[in-house]
Amino acid sequence: MADKRLYRSRNSRMICGVCGGVAEYFHIDPTLIRLAFVLFGCTGSGILAYLVAAVIIPDENEI
């Protein structure tokens with residue numbers, strides 16, 4: 001089985017690369033993940049989740 005790892009993307013990065021990394025992990029379009037984060041961000045907890053993910057998820061070069 002292939003070794004799948006979650007990381008912040010360097011190629012499809014807008015702010016920190018979290019959405020791009022999640023999209024690459026699940027093999028879907030990064031725009032869909034960004035839209036989900038925007039909708040989730042309207043509740044207020046989405047912004048906190050994004051910031052926590054940006055700190056916790058390693059950058060692509062660090063793996």
Side-chain angles (χ1 to χ4, degrees):
M1 180 184 281
D3 188 26
K4 283 178 64 171
R5 292 189 167 219
L6 181 62
Y7 57 86
R8 290 183 292 140
S9 177
R10 283 290 214 187
N11 299 329
S12 58
R13 165 178 290 210
M14 289 292 230
I15 298 175
C16 292
V18 173
C19 294
V22 171
E24 289 176 12
Y25 183 81
F26 289 113
H27 302 288
I28 56 176
D29 188 29
T31 306
L32 297 174
I33 300 295
R34 289 182 186 117
L35 286 173
F37 264 101
V38 166
L39 292 174
F40 189 50
C42 291
T43 64
S45 57
I47 298 168
L48 179 64
Y50 188 89
L51 291 175
V52 168
V55 171
I56 292 176
I57 298 173
D59 201 23
E60 188 174 15
N61 293 341
E62 296 175 6
I63 294 179

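Note that OH of Tyr7 and CG of Asp59 are 10.0 Å apart. Values are rounded to the nearest 0.5 Å. One finds the OG1 atom of Thr31 at 7.5 Å from the CE atom of Met14 (value rounded to the nearest 0.5 Å).
Here ring-ring contact (aromatic ring centres under 6.0 Å, His included) pairs that include residues 13-38, with residues two or more places apart or in two chains, are Phe37-Tyr50.
Under a 4.5 Å side-chain heavy-atom criterion applied to ILVMFWY residues, the cluster that includes Leu35 comprises that residue alone. Hydrophobic cluster membership of Leu48, counting Ile, Leu, Val, Met, Phe, Trp and Tyr whose side-chain heavy atoms lie under 4.5 Å apart directly or via other members: Val52, Ile56.
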Please report, to 0.1 Å, the donor-acceptor pairs under 3.5 Å made by any side chain of residues 16-23, with sequence neighbours excluded.
none

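Across all their heavy atoms, Thr43 and Gly46 have their closest contact at OG1-N, 4.1 Å.
With hydrophobic clusters built from ILVMFWY side chains whose heavy atoms lie under 4.5 angstrom apart, Ile28 does not share a cluster with Val38.
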